[in-house]
Undergrad: 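Quick one: the structure is below, questions incoming.
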Amino acid sequence: MKPNIFNYATSELSQDAVICWMIDWANSENTVMKEFSHDFLKAMLNLDHNRHIDLNNLLKVEIKRQYCSIDVLALLSFKDETMLPLIIEDKTYTTEHGDQIRRYYDIILEQNKGDEKIAKPLGIYYKSGYIYDYETVKAEIEGYMVFTRTMMLDLMKKYIGNAESDIFNNYYDYLTNIDLKEIIIENTIDADDMENMDKVLSTNEGQWMLMKKMFGTTKKPYRWSGSSFGSPWTQWVILEQYEKEGLCDSIFYRLDRRIEGYNLSIRQYLDFEKLDLYKENLRVVDNAIIIQDKIKRLERLKTCFGRALDDTKLKGVSVLDAGKVSNRGSKECDIGVFFINERNTFRRIIEFIPIFNEVFKKEIKLEFKL
């Protein structure tokens, strides 16, 4: 097997370079790669259904990298002396943060203000890694069109065997392998294959796929992820209303790993950075009182958890085995925990949690009069 450069060139800057390289072929005489470049540009431009761009009139493309921190800026010049700025925000495995892509769009819009020959910019959000639901929504809200790995593969597939380029073929194989890994993860969950559960739970993508199978697709940013000592974790908010009522803490599901193994825990978290706001809501001045109140709420939440388990069992649902909770500190504590294993399998978790979650939320609302 030939070595693949993209197994080593994995950064977003490397992917920036590939995108620039692909687009730059539009300026060449190479028949196959020029055709591919035009198809690539056309695929991105066609995402905007509100305007039609005829690439037969394309004269040249000027490409800028990291212009005003924009990953790739492609300036498409046409025979009628008009120009279209194409902004490409490129991601591998990271996600968009803050208002960066909106800022890039506004910069180009402002720079070309008043010039009727320069069209309103088109923003493209391209990601080769796993793309989360809320990422798509965020990009679209900011005026960007989402170009996915699947779209790129479908486009490149037509040229495999004709494009005599190691860069082209290596990138196609690299994206195909990412695709294959995600398919394996999905199949592992669907097959309830607990012998290979590490392939799912040791990755952010696998954890999120499992979360989605429990809670469904969401357009809200309910998901947080990160890693502790190299092991990924993923969180999902249970009840927004709870946090809005000035009750000082948040409650959420968390997929994680501890000494005893992978688990889905339900946690209560007190954000110490918001203590001043909590003091105002609760009309207290002593931090110790806030922590004591938080502990009291924890006991009430544990009671809700126990009642929810009993109520779910009464519905005839096969209840998961609950594990021993870990109350590690004043900030964050377990309300309940389910270890993922041969008894609490993927299938049982996916069947149980949605039903249990609705009962649990109802118990919390009743307990705290929300």
Side-chain angles (χ1 to χ4, degrees), residues 133 182-218 222-225 231-242 250-268 298-327 333-368 370:
D133 305 44
E182 289 184 11
I183 291 169
I184 290 171
I185 288 171
E186 187 101 35
N187 289 344
T188 301
I189 298 172
D190 291 342
D192 209 22
D193 181 3
M194 301 310 293
E195 287 186 7
N196 290 300
M197 72 173 184
D198 193 70
K199 290 180 180 178
V200 175
L201 300 173
S202 64
T203 67
N204 286 116
E205 297 93 329
Q207 289 190 359
W208 184 241
M209 287 183 200
L210 182 56
M211 284 286 201
K212 279 184 67 174
K213 287 179 184 294
M214 286 187 277
F215 300 110
T217 299
T218 178
Y222 274 18
R223 167 249 183 208
W224 288 266
S225 67
S231 180
W233 51 262
T234 303
Q235 295 178 177
W236 186 290
V237 171
I238 293 176
L239 198 61
E240 278 186 300
Q241 191 177 354
Y242 184 85
S250 58
I251 50 176
F252 50 86
Y253 288 94
R254 177 165 169 137
L255 271 173
D256 203 348
R257 183 186 179 99
R258 60 180 68 160
I259 294 173
E260 301 92 327
Y262 289 108
N263 63 88
L264 177 68
S265 61
I266 303 174
R267 297 190 181 181
Q268 176 203 41
L298 174 62
E299 294 308 312
R300 293 170 68 188
L301 288 166
K302 285 181 178 179
T303 300
C304 292
F305 176 80
R307 286 202 302 257
L309 283 177
D310 293 339
D311 292 347
T312 307
K313 187 181 293 186
L314 290 173
K315 291 178 179 288
V317 177
S318 177
V319 175
L320 297 178
D321 294 340
K324 185 178 179 182
V325 297
S326 171
N327 297 327
C333 300
D334 284 345
I335 298 167
V337 62
F338 305 106
F339 285 95
I340 303 171
N341 50 39
E342 291 298 329
R343 285 186 58 80
N344 292 342
T345 66
F346 292 140
R347 184 171 295 133
R348 287 194 68 204
I349 289 168
I350 292 166
E351 290 172 354
F352 170 78
I353 289 297
I355 300 169
F356 167 80
N357 187 55
E358 291 306 310
V359 178
F360 184 46
K361 287 195 295 185
K362 183 179 178 181
E363 291 291 346
I364 293 171
K365 289 177 181 178
L366 288 171
E367 177 69 25
F368 293 93
L370 299 179

Undergrad: Decide yes or no on side chain to side chain contact (heavy atoms under 4.5 Å, CB included) for I350 and I189, but give the supporting numbers first.
TA: CA-CA 10 Å; I350 292 166; I189 298 172; 3.7 Å; yes
Undergrad: Can you name the side chain to side chain contact (heavy atoms under 4.5 Å, CB included) partners of K324, sequence neighbours left out?
TA: none
Undergrad: Mind checking the CE-CD1 spacing from M211 to I353? Nearest 0.5 Å is all I need.
TA: 9.5 Å
Undergrad: Distance from F368 atom CZ to L366 atom CG, nearest 0.5 Å?
TA: 11.5 Å
Undergrad: Determine, stepwise, if the pair N187 / K199 fulfils side chain to side chain contact (heavy atoms under 4.5 Å, CB included).
TA: CA-CA 11 Å; N187 289 344; K199 290 180 180 178; over 6 Å; no
Undergrad: Answer whether the closest heavy-atom distance between the side chains of K213 and I349 falls below 4.5 Å.
TA: no
Undergrad: Show every ring pair (Phe, Tyr, Trp, His ring centres under 6.0 Å) that has at least one partner inside residues 299-324, sequence neighbours left out.
TA: F305-F338, F305-F356
Undergrad: Drop me the distance from E182's CD to T203's OG1, to the nearest 0.5 angstrom.
TA: 8.5 Å
Undergrad: Taking F339's backbone N and O only, do any of them form a donor-acceptor pair with N344's side chain (distance below 3.5 Å, no angle check)?
TA: yes
Undergrad: Is a side-chain donor or acceptor of Q207 paired with a backbone partner of P232 at a separation under 3.5 angstrom?
TA: yes
Undergrad: Mind checking salt bridge (Lys or Arg N to Asp or Glu O under 4.0 Å) for E358 and listing every partner two or more places apart, or none if nothing turns up?
TA: K361
Undergrad: Using a 4.5 Å cut-off on heavy atoms from C-beta on, say whether the side chain of I266 contacts that of L301.
TA: no
Undergrad: Kindly indicate whether the side chain of Y262, heavy atoms from C-beta on, has any atom under 4.5 Å from the side chain of L255.
TA: no
Undergrad: From F346 CZ over to D190 CG, what is the distance, rounded to the nearest 0.5 angstrom?
TA: 10.5 Å
Undergrad: So, the side chain of T345 versus the backbone of E342: is there a donor-acceptor pair under 3.5 Å, distance only?
TA: no
Undergrad: Flag yes if more than 12 heavy atoms outside R300 fall under 6.0 Å of its CZ atom; otherwise flag no.
TA: yes
Undergrad: About how many Å separate CG of D193 and CD1 of I185, when rounded to the nearest 0.5 Å?
TA: 12.5 Å
Undergrad: Looking at R267, is its backbone amide N or carbonyl O close enough to the side chain of R254 to form a donor-acceptor pair, meaning the two atoms are under 3.5 Å apart?
TA: no
Undergrad: Drop me the distance from D321's CG to N341's CG, to the nearest 0.5 angstrom.
TA: 7.0 Å
Undergrad: Do the side chains of M214 and L210 get nearer than 4.5 Å, heavy atoms only?
TA: yes
Undergrad: Closest approach of R347 and D192, non-hydrogen atoms and distance?
TA: N-OD1, 2.8 Å
Undergrad: Can you name the closest pair of heavy atoms from A322 and L309 and give their distance?
TA: CB-CD1, 4.4 Å
Undergrad: Indicate yes or no: at least one non-hydrogen side-chain atom of R258 is less than 4.5 angstrom from one of S265.
TA: yes
Undergrad: So D311 and K362, salt bridge (Lys or Arg N to Asp or Glu O under 4.0 Å) or not? Walk me through it.
TA: CA-CA 11 Å; D311 292 347; K362 183 179 178 181; over 6 Å; no
Undergrad: Side chain of R307, backbone of K302: donor and acceptor closer than 3.5 Å?
TA: no
Undergrad: Within the 4.5 Å heavy-atom criterion, are R348 and S318 side-chain neighbours or not?
TA: yes
Undergrad: Would you say the side chain of L298 lies within less than 4.5 Å of the side chain of I335, judging by non-hydrogen atoms?
TA: yes
Undergrad: Can you tell me if CD on E195 sees more than 12 non-hydrogen neighbours from other groups inside 6.0 Å?
TA: no
Undergrad: Can you name the one residue among W236, W208, F252 that meets ring-ring contact (aromatic ring centres under 6.0 Å, His included) with F215?
TA: W236
Undergrad: Given side chains that start at C-beta, do those of I184 and T188 come closer than 4.5 Å, heavy atoms only?
TA: yes
